[in-house]
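Sequence lines set the chain letters: A, B, ... in the order given, protein chains first and strands last, and positions in each chain run from 1.
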Amino acid sequence: MTTYVDVDVRPTLRAGGEPFGEIMQAVNALKPGEGLRLFATFKPVPLFQVLGSKGYSHEARELDGGEWEVLFSPAQASSADEPSPAVAPAPARGEWPAPVQQLDNRDLDPPEPMVRTLAATEAMTDGEVLSALLCREPVFLLPELAKRGHAWRGGFEPDGTTYKILIRIGAARDAAT
Amino acid sequence: MPGVALSRWTMSYFAAALAWLVAAEALMAAGFGYPAAPFEAPETLVLVHIITIGWLSLLMCGALFQFVPVLVARPLYSDRLPLPTLACLLGGLIALLAGFLRMTTETGASGAPFAIASILLGAGFALALWNLGRTLWAARPLPLPARFVVVGLFSLAATVLLGIVFSLTLGGLATAAHAIEVTTHGLPIHVVAGLAGWLTFSAVGVSYRLLAMFMLAPELDGPGTRGAFYLGTAALAIAIPGGVAAICASGNVAVSLVAASLPGLAAAGLYGRDVVHLYRARKRRVIELNSRMAGVALAGLGATVATGIALLAAGAFVRHLGVVVFLVAFAWLSTLGLAKLYKIVAFVTWLECYGPVLGKTTTPRVQDLVVEGRAGKWFVLFSTAVWCGAGALAIDRPFIFRLSAAAMLIATLGIAVHLLRTRRLANVAPTLRIPKGVQPPHLLVCRAQHP
C-alpha cells in the first residue's frame, strides 16, 4: 500500500494565495513509494500533467461543496493497486499535444454528445487529441473509448458544471502494446 | 474512472416485473382481493405483494443496478450477483404467496412456505443491498441523489425485516412477545417503509438525476433539495425505527406516524417545488413521452398527497386507506415506472446495439427505436383507468373498479408490446436496423460492454 502525505491548500486558495510552491515543496520531500493527498477548492487539472511528468498518476474525487481530493501515486505502486489498466485513464506520462479539434456538446440532448464525440474520434488519426465540453461526466462514453483504444483525461472545470474531456486517439492501444 | 457498463440482467428484471404487473391487474379485474375481500384478507395480501415485490421492487432493483452506477459514476460492484438475486426474489415471492393462500385453507398451516419465503426474500434483498451498498460505499462522498437511494435501501432492509417477523409470527414459528406485538400493530410501519421509504424515496433520488438528464435541466443540490432529503429522512426515522420502538414501549404506533407526517409533508412540498423548477428551467423545450408521463406521475404523487390530507381532515383516512395505497402504487409509482421503462429500454438497447459502431457507420437515433405517438395512447389509457379505479374505490363501486383494472391491464399489455418492439428493433427502418458489426440484442440479457 502507498502511504500518502496530506497537503491541504484550501486555506491558501481561499486567502487568494498561490499554492504551487507549497505543493512542489511537498512533492520534492516525498520519499520513494510515498504519494501525495491534495485537497483543493477546484480540480487542479494543470497539476496532473506536471506531476504526471514526474511519474505520478492521479485519482481525483469531488468532495462536498465543489472541493476536490486528489491522490497522486507513484507510478509503480499505482499499477499494482489498480487491476484494470485497460479501462483506466492513460498513464499521465509526458505532455499531450494541443487538441486538433474542439467540440462544445453542452447543449445537445443525450446521447447526441456521445454520438458526436465518437464520430469525431473516428475521423482523427493516432496521437491526435480531441477536446470536448460536456454538461456531465460521460459515464457511458468512457467504456466505449477504452474499447476503441483511446486514452482520455477529464474533469469538471472550476465552474463545477462543465465537464471537459481530452481524448487522445489510439494512446491506450499504444500503451498496451 | 472506468465509466459505467450496461447492467447485464436489468432487462430480465424488467420482463419479470411486467409479467407480475400483468398478473396483478388480471387478478384485480377478476375481482380477487380488495375491494371484494377485506383490506387485511389473505387474498388482498397476495395482490399487494405481487404489486409491491413482483412489479415495483423488481422494477426498482433492475433500474438501480443500472442507475446507481450512473448516479455515482462508478461501475456496479458485481454484474453477476443480480441473477442469483433475481432467482431468490422470484422463489421467495412465490413461497410468500403460497403462504398467504394457505392461510385461507381450513388447516391454515402456512409455516413452511412462510419460512421459505423469509429465507429466500431475505437472501435476495440482502444480495441486492450488498451489491448496491458496496457500489455506493466505494463512491463516497455521495452526491445528493445517491443519498436518497441510500435511505431508500435502509428502508428496504427495514421493510424486509418487518416482513420476516410478520411471516414467522403468522406461520407460528416466532412466539416472542415483541414479535407478536410488532405483528399485531406494525403493519402501518411495514407499509410506510416499503411504499414511502424504499420505493418513493429511491424513485425521488433517481428522478432528480434522470429528469435533469433527459430534459437538459440544471442538477439541483441547493438548500431546498437538501431540506427535502433531511426532512424526508427524519420522517422515515420517526416512522420506522421510532414506530417499532413505540410499539415495543406502549403498543401504539399512531403517535410516531402522526409525528412523522409533518416532516414528511414538508419534504414532499420541497420535492414538488424542485420538480416544478426542473420542468421550468429545462433547456429542452419539446420533451419526450417519458418526461411527459413522468410529469403525470409526479402530478399523481401531488394529488395522492392532497387526497390523503383531505381524507385526514374529513376523518375518513382509515376507511379509505385502500384508495390512498392504490394511488401511491399506481398513480405515482407505476405510472413513473412505466414512463421511465419506456425510455430506459430504448436507451439501453440503442447503446448495446449501436454503441460499438457509433461514428463508424450510419446508426439510428434512440428516438428511431420508439413510436411515441402510438405508445402515448396506451399511457393515456393507463392513467385514466388508474384514476377511474381510485374513484370507484372511493365511492365503493367494485364493478367499476374491475372494469378500470381491465383497462389498466389492456394498457399495460399495449405498453409491453411497444417495449418488446423496441427491444427487437422492430421500429427501426430495415435499412438502418443491423449495420455491419451490429448484433441484434437478446431479449432478456444485455451483452457486457466491457472492452
Side-chain angles (χ1 to χ4, degrees), chain A residues 58-69 82-90 105-124 130 135-150 152-156 160-161 163 165 172-173 176, chain B residues 1-6 66-76 138-144 147 209-210 212-219 221 226 282-288 291 343 346-348 350-352 354-367 448-451:
Chain A
H58 66 268
E59 195 180 330
R61 200 157 70 102
E62 191 172 15
L63 307 174
D64 283 348
E67 298 183 337
W68 287 81
E69 176 192 325
E82 291 181 11
S84 54
V87 292
N105 292 343
R106 284 176 293 182
D107 284 342
L108 298 176
D109 295 345
E112 205 52 31
M114 176 174 177
V115 175
R116 279 190 50 180
T117 307
L118 287 173
T121 62
E122 287 302 315
M124 294 167 64
L130 169 72
C135 63
R136 57 179 49 82
E137 184 167 349
V139 290
F140 290 113
L141 172 67
L142 301 181
E144 200 51 49
L145 292 177
K147 209 156 63 174
R148 296 179 187 203
H150 307 322
W152 74 87
R153 294 167 176 176
F156 281 95
T161 57
Y163 187 97
I165 187 165
R173 199 164 52 224
Chain B
M1 191 184 59
V4 172
L6 290 173
Q66 181 65 74
F67 284 102
V68 162
V70 173
L71 291 183
V72 300
R74 289 186 79 95
L76 186 66
R140 290 162 303 138
L142 294 174
L144 202 49
R147 292 188 202 179
R209 177 59 65 85
L210 289 193
M213 208 159 171
F214 293 144
M215 298 197 298
L216 290 182
E219 306 263 349
D221 61 355
R226 283 170 199 274
R282 68 178 198 268
K283 286 192 209 158
R284 186 176 201 161
R285 291 331 294 174
V286 181
I287 51 176
E288 294 172 357
S291 299
K343 177 70 184 185
F347 174 72
V348 165
W350 174 86
L351 186 58
E352 179 189 0
Y354 303 113
V357 295
L358 285 178
K360 297 180 180 176
T361 178
T362 312
T363 48
R365 301 165 309 140
V366 180
Q367 281 307 88
Q449 204 198 3
H450 301 296

Checklist entry - If we only count heavy atoms from C-beta on, is the B:Leu216 to A:Pro110 side-chain gap below 4.5 Å? => result yes

Item to check | Heavy-atom side-chain proximity of B:Arg284 to A:Asp109 below 4.5 angstrom | outcome: yes

Checklist outcome for this item: Between A:Leu63 and B:Pro141 the two heavy atoms that sit nearest each other are CA-CG, 3.9 Å

Checklist entry - Is the closest side-chain heavy-atom distance between B:Leu6 and A:Phe140 below 4.5 Å? => result yes

Checklist entry - Is it the backbone or the side chain of B:Val357 that comes under 4.5 Å from a heavy atom of chain A, or both, or neither? => result backbone

Item to check | Student check: side-chain heavy atoms of B:Val366 and A:Pro111 closer than 4.5 Å | outcome: yes

Item to check | Per-residue contact mode, A:Glu62 against chain B (heavy atom under 4.5 angstrom) | outcome: backbone

Item to check | Heavy-atom proximity to chain B below 4.5 Å, by part of A:Arg116 | outcome: neither

Item to check | Smallest separation among heavy atoms of B:Pro356 and A:Arg148, with atom names | outcome: O-NH2, 3.0 Å

Checklist outcome for this item: Comparing A:Thr121, A:Val115, A:Leu108, A:Leu118 against chain B, the one with the most heavy-atom pairs below 4.5 Å turns out to be A:Leu118

Checklist entry - Checking B:Lys283 against chain A: side chain, backbone, both or neither under 4.5 Å from a heavy atom? => result side chain

Checklist entry - Between A:Met114 and B:Leu351, is a side-chain contact (heavy atoms from CB on, under 4.5 Å) present by the stated rule, with each step listed? => result CA-CA 10 Å; A:Met114 176 174 177; B:Leu351 186 58; 3.4 Å; yes

Checklist entry - Hey, are A:Asp64 and B:Arg147 close enough for a salt bridge, meaning a charged N less than 4.0 Å from a carboxylate O? => result yes

Item to check | Residue part contacting chain A, namely of B:Phe347, when any heavy atom lies under 4.5 Å | outcome: side chain

Item to check | Residues B:Glu219 and A:Arg136 bridged, charged N to O under 4.0 Å | outcome: yes

